[in-house]
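One structure is given below, encoded as structure tokens.
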Amino acid sequence: MLNIPAESDFAALQARGAAFLGSEYAIMGGAMSWVSERHLVSAISNAGGFGVIACGSMPPAMLAAEIAATQALTKKPFGVNLITMHPQLDELIQVCLAAKIGHIVLAGGIPPGPALRAVKDGGAKLIAFAPALVLAKRFVKSGVDALVIEGAEAGGHIGPVSLTVLAQEILPHIREVPVFVAGGLGRGEAILSYLEMGAAGAQLGTRFAASAESIAHPRFKEAFIRANARDALPSVQLDERFPVIPVRGLVNEGTKRFMAHQADVLAKFQSGELDKTAAQLSIEHFWAGALRRAVVDGDIESGSVMAGQSVGMVTAIQPVAEILSELKAQAVAALVARGARG
Ligand SMILES: Cc1cc2nc3c(=O)[nH]c(=O)nc-3n(C[C@H](O)[C@H](O)[C@H](O)COP(=O)(O)O)c2cc1C
């Protein structure tokens, strides 16, 4: 049901984030390697959100082609997410600037100074992930234009702290730049509550990965529909001498085999068959290509089915526009119910 005051209240809460992104909703589609390509990114931007291409390990020419193909599908703004460890980060930034990308997200660590300056000098806005308040403050000082705070509930590579805590730690203290919240968000009421705490907007991944426009394999999307929040668990590290980067995804044969693989490598290290470097590399290589196998080939048994705890709120394959209008309707209904309670 249309309720104009509640709708305009919700729009007002999103105004800063929407103005920053140049979109109708202050909702970003979190970049997801192999998933966030031209079709999903343009669908999110065309529906009023803000799509973000996941560059992942793409070389510069491939990124340039993906950007051009996305621009052919939407006239609305969208961003590009680059991983700071990429060996050609500088070239990738130049590709984005040449294509007039207005927003560059630097993920996977602290944005290196030269990369930060290149983005800013090129006239694009820089968005960075802040895993703690001290870093958020440092990023703001160094000229970052917006922050994403991503809780451990999120899908993919995660930090140790939940969004509930990060939001309380960071939102009251960072006013200089817009802050977007991410991780575990599946409903409009939750987005509304973070906007009211001072967030400028939200970033969602899992719900869009299962959307109709996502090119993820049908088996990948079906796994999302079947899964409950408790099925999306972080990868487990067996021995602290051999660190495992925490990645949240659906438990499957692959995650079980990863435990056995770590135990096997550990035994070989202890017997002297493998030295420390070789053992660490063997553990790191276990998941090489595994996300692609799950997303593209539909191997949801041994592939890496990255998903956030929000996967429990994925109940159907829906068009992106329906997901966005559902989120809005839930937020507006919450505001209306509050008004009705007086
Ligand atoms: C399948 C998958 C792949 C992802 N890949 C990336 C990535 O390449 N770069 C990145 O910065 N974040 C990545 N993420 C995190 C998302 O951008 C987003 O922040 C996260 O999904 C938000 O949490 P949610 O899944 O609970 O909505 C990925 C998430 C998923 C589910």
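Every number for a ligand or one of its atoms is a count from 1 in the order of the listing.
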Under 4.0 Å to a heavy atom of [X] - the qualifying atoms of ligand 1, by number:
X	answer
Gln203	17 (O), 18 (C), 19 (O)
Leu204	27 (O)
Gly183	22 (C), 23 (O), 26 (O)
Ser310	24 (P), 25 (O), 26 (O), 27 (O)

Polar contacts were defined as any N/O atom of the residue lying under 3.5 Å from an N/O atom of the ligand; does this apply to [X] and ligand 1?
X	answer
Leu291	no
Glu150	yes
Ser33	yes

Inspect the contact between [Y] and [X] and indicate whether a charged nitrogen and a carboxylate oxygen are less than 4.0 angstrom apart.
X	Y	result
Arg293	Asp299	yes
Glu153	Arg248	no
Asp297	Arg219	no

Please write down residue, atom name and distance for the protein heavy atom closest to [atom].
atom	result
atom 6 (C) of ligand 1	Ala31 O, 2.9 Å
atom 3 (C) of ligand 1	Met32 CB, 3.4 Å
atom 25 (O) of ligand 1	Thr206 OG1, 2.5 Å
atom 21 (O) of ligand 1	Gly205 CA, 3.3 Å
atom 31 (C) of ligand 1	Met306 O, 3.5 Å
atom 11 (O) of ligand 1	Asn81 ND2, 3.0 Å

For atom 15 (C) of ligand 1, which candidate among Gly30, Gly155, Ala154 holds the nearest heavy atom?
->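 Heavy atom nearest to atom 15 (C) of ligand 1 belongs to Gly155.
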Do other residues, nucleotides or ligands put more than 12 heavy atoms under 6.0 Å from Arg230 CZ?
-> no
Indicate, with yes or no, if the rings of His103 and Phe78 have centres closer together than 6.0 Å.
-> no
Between Phe269 and Phe242, ring centroids under 6.0 Å =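 Judged by ring-centre distance (under 6.0 Å), Phe269 and Phe242 do meet the cut-off.
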Just by distance, with hydrogens left out, do [X] and [Y] show a side-chain donor and acceptor under 3.5 Å apart?
X	Y	result
Arg38	Gln71	no
Ser282	His261	yes
Glu24	Gln14	no

Give the ring-plane orientation class for Phe20 versus Phe180, where under 30° counts as parallel, over 60° as perpendicular and anything between as tilted.
->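 The rings of Phe20 and Phe180 sit tilted, inter-plane angle from 30° to 60°.
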Contact partition for Ala107 relative to ligand 1, non-hydrogen atoms under 4.0 Å =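 Answer for Ala107: side chain.
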